[in-house]
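Take a look at the structure below.
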Amino acid sequence: MKLSGCNFHGVIVIVFVMLRISSTSAMTNFNVLNFGANPIGRTDSTDSFLKAWNAACSTADSTFIYVPKGRYLVGSLAFKGQCKSPQIIIRIDGTIVAPSDYGVLGKWENWVSFERVSGVSIIGQGAFDAKGPSLWACKASSSNSCPLGTTTLRFTNSNNITINGLTSLNSQMFHIAINGCQNVQIQGVKIIAAGNSPNTDGIHVQLSTNVEIFNSSIKTGDDCISIGPGTKNLWIEQVTCGPGHGISIGSLAKDLEEEGVQNVTVKKTIFSGTQNGLRIKSWARPSSGFVQGVRFIDSVMRNVQNPIVIDQNYCPHSENCPGQVSGIKIKDIRYENIRGTSSTPIAIKFDCSPKNPCTEISLRNVNLTYLDKDAQSFCCNVVGKVFDLVRPNSCL
C-alpha cells in the first residue's frame, strides 16, 4: 500500500425483492374516471386526480386508485400524506401527459409529488410524458426567459414506497427523486430522454435510507442514477445505463455542513456509450461530508469515456472553487469484476484531494481496454490495493 503522487501509468494488458402488495379485492377501489378524469387528454384532469387521492387518503381501509388506459392531461399534482388509509396502491395503465406549454409546469419544482406519505405503491405499465424537448430547446438557445423546469415524480419525507413497472418520458429535469425517505423499492422502470437533454437525471436519491433500485433501464442526458448527501444503505442491481453520465455519487461538497454517503452497492450494471461509468465526484470546496463503504461489482463498460473515476476537483466553469480543495473524505471503495471498453485512453482515474486523500481503495479483477489496445490509469493522492488481474495496470 502506498500514497501515490500524480502520475500516469501506461497499461500492460489491461436479490431480487418481491413486492408485497395486498390483494386489491380486499381494498376500497377508486377509478379516476369516476371523478371526472378525461382519458382523451383534451381537458385538464388535475382536479379529478386530486379528488381520487383525497377520497383514498381519507378512507380507513387499504385503498386502490386506478388510472385505466388513455391519455390524461394534468398540471402539477401534490399528494399530501398523513392519510387514514394504511396502504394506497395507484395502478397506472394510461399515460399521464403534461401541458404542451412547458412554462405551465416549468414554474413548479415538481410535476407529481408525494409528501409525508406511507405505504404508497405506484405500479402498472403506464407512463409519465413530461414533454421536455421544447424546454430543452429553450435552454439550448441560451434564452434567459426559460424556466428551470420540473421534476416528474418526487417522494419527500415518506416511507415504505414502491415504484414498479412505469415509464418516464422526456422529463423537464429529474425523472424520479427520492428525498428524505425510508424503505423505498424501485423496480422495472424505464426512463427515456435524449442524450443531450440537460439535467435530466434518471433517479436521484438523497437524505434517504434503505433504497433499492432493481432491473431498470435508464436512457437520459445526465446521471442515470445520482446519489446525494445523506444516502445510506442503497442497493442498485441489474440497471442498464446509456446514454447518460453514468452512476454518480455526488456532486458532493456543495455545502460546508453536509451529511455523508455510506453503504452503497452497485451490482450487475451495463453502461453503453456513457460519459462515465462508476463515478464519485465532489466540488473542490471544504465540507464535512464523506463517502465510505461503497461496492461496485460486476459492471460491463461499452465504449464509456470514463469507466472508473473519482474526481475530487470538480469545478465546472471555474466558479466558486478555484484554489480550494475538497474536504470530502473518501474511503473503503471496492471495484470488483469491472470489464469492457473505454472510449478514451484513461480508463481508471483517481483524482483525489491533497488535503483528504482517498484511502482503502481496492481493485479486483478489472479488465478495461481502449480501442482494443492498452488503456492507462491515473492516480493522484490515493491509497489502495490491487488484487488478481487488473488492466490497465493500476497506479495505486
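When the options T200, D201, D222, L153 are evaluated for a side chain to side chain contact (heavy atoms under 4.5 Å, CB included) with H175, the one that passes is T200. Partner of F79 under the ring-ring contact (aromatic ring centres under 6.0 Å, His included) criterion, chosen from F155, F114, F49: F114.
Ring pair F350/Y335 is tilted by interplanar angle, where 30° to 60° counts as tilted.
Applying the salt bridge (charged side-chain N to carboxylate O under 4.0 Å, His left out) test to every pair with at least one member in residues 72-91, sequence neighbours left out, gives these pairs: K80-E115, R91-D93.
Using a 3.5 Å distance cut-off with no hydrogens or angles, the side chains of T43 and N38 do pair a donor with an acceptor. S85 and T59 are not linked by any side-chain donor-acceptor pair at a separation below 3.5 angstrom, with hydrogens and angles left out of the test. A donor atom on one side chain and an acceptor atom on the other are not found under 3.5 Å apart for N183 and N159. At a cut-off of 3.5 Å, with distance as the only test, a side-chain donor of S143 or S145 sits close to an acceptor on the other residue. When only modelled atom types and interatomic distance are considered, T152 and S171 share a side-chain donor-acceptor pair under 3.5 Å. Judged purely by distance below 3.5 Å, without hydrogens or angles, the side chains of T269 and S299 pair a donor atom with an acceptor atom. The closest side-chain donor-acceptor pair between N215 and Q238, if any, does not fall under 3.5 angstrom. Between the side chains of K232 and T209, no donor-acceptor pair is found at a separation under 3.5 Å.
For the atom pair I89 CD1 and N29 CG, the distance stands at 9.5 Å (nearest 0.5 Å).
A salt bridge does not link R285 to D255: none of the charged nitrogens lies less than 4.0 Å from a carboxylate oxygen.
Between C224 and C241, a gap of under 2.5 Å is found separating the two SG atoms.
A pairwise comparison of heavy atoms in N381 and S353 identifies CB-O, 3.6 Å as the closest pair.
Checked against a 6.0 Å centroid threshold, the rings of W111 and F174 do not count as neighbours.
Within a 6.0 Å radius of NZ in K139, other residues, nucleotides and ligands contribute more than 12 heavy atoms.
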